[in-house]
Amino acid sequence: MGALAANAAAGLPPIDVSAAQGRMLQLFALMVGARRILEVGTLGGYSTLWLTQALPADGRLVTLELEPHHAAVARRNLDAAGVGGRVDIRVGPAVATLATMIAAREGDFDLIFIDADKPSNVAYLQAALALARPGATIIVDNVVREGAILDPDHSDPRVTGTRALFDAVKAEPRLLATAIQTVGAKHWDGFLLARVLPA
Ligand code: SAH
Ligand code: DHB
Ligand code: MG
């Protein structure tokens, strides 16, 4: 059974990246030669699977997930695909996991993909900056939301959290960033693409 079918059978919400976005993540990771990848928001590991396809044999991916059930499904999907040995799934609220990683100096990630609870996007960006190597790539999912992101009075915390992310990126001199809107299997949305200032 493929990962998406396994996710559906296990009752996970169908909010994985689309196949086209998955290929895009794989391409970005290949283009930057990523050897260490950090993901925030695992779900069933579908985006994780795409990113692992870009890793060299000794590459590693750390992915953070709040829900133990999601992490268990992801573990099965990654093991079934034969890439489980390169993926470390850490269960718990990602803000706390990231703080632990920063304290342990687990830095030097080449690429960081942020795709979890949107109200925490600013906290995730700050942690990503602390864990990124100079010149690293940061990608944030779901930053357009059918254009809702343009509305300064929107009440959805997923929208206000992402608007706050744009403000934080604008104010951050260590980042060179843009946003790209996409349309396709997952409707109208987009992603933020940023590069951490090189050394
Ligand atoms: N990247 C996945 C989709 C992630 S969906 C893919 O494309 O395949 C968002 C995930 O973030 C969900 O599994 C949800 O449980 C998780 N999540 C929500 N809040 C979180 C938090 N505070 N810490 C870590 N993960 C969280
Ligand atoms: C939602 C989250 C996602 O990561 C996504 O790709 C689509 C929707 C959501 O929380 O609604
Ligand atoms: Mg997403």
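Everything quoted here is computed from the prediction, not taken from an experiment. As the structure lists them, so they are numbered: ligands from 1, and atoms in each ligand from 1. Residue numbers run from 1 in the order of the sequence given.
- I114 pairs with exactly one of V140, N142, I139 by the side-chain contact (heavy atoms from CB on, under 4.5 Å) rule, that one being V140.
- Shown in contact with Y124 at under 4.0 Å from a heavy atom are these atoms of ligand 1, numbered in order with element: 21 (C), 22 (N), 23 (N).
- With a 4.0 Å heavy-atom cut-off, ligand 2 is reached by the side chain of D141 but not by its N, CA, C or O.
- Ligand 2 places these atoms under 4.0 Å from at least one heavy atom of R145: 1 (C), 8 (C), 9 (C), 11 (O).
- Distances from the Mg ion (ligand 3) show that S47 has no N/O/S atom below 2.8 Å.
- When L25, D141, T63 are each tested for a side-chain contact (heavy atoms from CB on, under 4.5 Å) with S47, only one passes: L25.
- Under a hydrophobic clustering in which Ile, Leu, Val, Met, Phe, Trp and Tyr are joined whenever their side-chain heavy atoms come within less than 4.5 Å, directly or via other members, V95 and I112 fall into the same cluster.
- Taking the side chain as every heavy atom from C-beta outward, I37 and F113 never approach each other to under 4.5 Å.
- Among protein heavy atoms, atom 2 (C) of ligand 2 sits closest to K118 CE, 3.7 Å.
- The distance criterion of under 3.5 Å between nitrogen or oxygen atoms is not met by F113 with respect to ligand 1.
- Taking atom 11 (O) of ligand 2 as the reference point, the nearest protein heavy-atom neighbour is R158 NH1, 2.8 Å.
- Between the CD atom in E65 and the CD1 atom in I89 there is a gap of 9.0 Å [rounded to 0.5 Å].
- No salt bridge links D167 with R163; every basic N to acidic carboxylate O contact stays at or beyond 4.0 Å.
- When atom types are taken as modelled, the side chain of T42 and the backbone of L64 share a donor-acceptor pair closer than 3.5 angstrom.
- Residue side and main chain included, D189 places no N/O/S atom under 2.8 Å of the Mg ion (ligand 3).
- Using a 4.5 Å heavy-atom cutoff, the side chains of D58 and R35 are in contact.
- A single hydrophobic cluster is seen to contain both M24 and V17, as judged by linkage of ILVMFWY side chains at heavy-atom distances under 4.5 Å, directly or through other members.
- Comparing P119, A3, S47 by heavy-atom distance to atom 1 (N) of ligand 1, the nearest is S47.
- At a 3.5 angstrom cut-off on N or O pairs, D16 does not count as close to ligand 2.
- The environment of NE2 in H69 is crowded: more than 12 heavy-atom neighbours from other residues, nucleotides or ligands sit within 6.0 Å.
- For atom 12 (C) of ligand 1, the choice among H69, E65, E67 with the nearest heavy atom turns out to be E65.
- Contacts of T48 with ligand 1, taken as heavy-atom pairs under 4.0 Å, are absent altogether.
- Counting atoms of ligand 1 from 1 in the listed order, those under 4.0 Å from a heavy atom of G92 are 23 (N), 24 (C).
- The shortest N or O to N or O distance between G45 and ligand 1 is not under 3.5 Å.
- Looking at A94 next to ligand 1, an N or O pair under 3.5 Å apart turns up.
- Residue L43 has at least one heavy-atom neighbour below 4.0 Å for each of these atoms of ligand 1: 2 (C), 3 (C), 4 (C), 5 (S), 13 (O).
- Under 4.0 angstrom from ligand 2, there are no non-hydrogen atoms of K186.
- Counting atoms of ligand 1 from 1 in the listed order, those under 4.0 Å from a heavy atom of V17 are 6 (C), 7 (O).
- Put simply, the side chain of E172 does not reach to within 4.5 Å of the side chain of V169, judged on heavy atoms.
- Of all N, O or S atoms in D115, the one lying closest to the Mg ion (ligand 3) is OD1.
- Side-chain contact check for L12 versus V73: some heavy-atom pair is nearer than 4.5 Å.
- At under 3.5 Å, not a single nitrogen or oxygen of P93, backbone or side chain, sits near a nitrogen or oxygen of ligand 1.
- The residue W50 has no part lying near ligand 1, judged by heavy-atom distances below 4.0 Å.
- For D141, the nearest N, O or S atom to the Mg ion (ligand 3) falls under 2.8 Å.
- When the heavy-atom distances from atom 19 (N) of ligand 1 to L64, T42, N77, D117 are ranked, the shortest goes to D117.
- Between atom 17 (N) of ligand 1 and the options L66, D141, I15, V40, the minimum heavy-atom separation is to L66.
- Shortest contact from atom 4 (C) of ligand 1 to any protein heavy atom: D115 O, 3.3 Å.
- The structure places CD of Q21 at 11.0 Å from CZ of F28, a figure rounded to the nearest 0.5 Å.
- Taking all heavy atoms of L43, I15, I114, D115 into account, the minimum distance to atom 8 (C) of ligand 2 is reached by I15.
- Among all protein heavy atoms, the one lying closest to atom 7 (C) of ligand 2 is N142 ND2, 3.6 Å.
- Going from atom CG of L38 over to atom CG of D110 covers 11.0 Å, rounded to the nearest 0.5 Å.
- Note that NE2 of H70 and CG of N77 are 12.0 Å apart. Values are rounded to the nearest 0.5 Å.
- No chain of hydrophobic side-chain contacts below 4.5 Å, direct or via other Ile, Leu, Val, Met, Phe, Trp or Tyr residues, connects L4 to I15.
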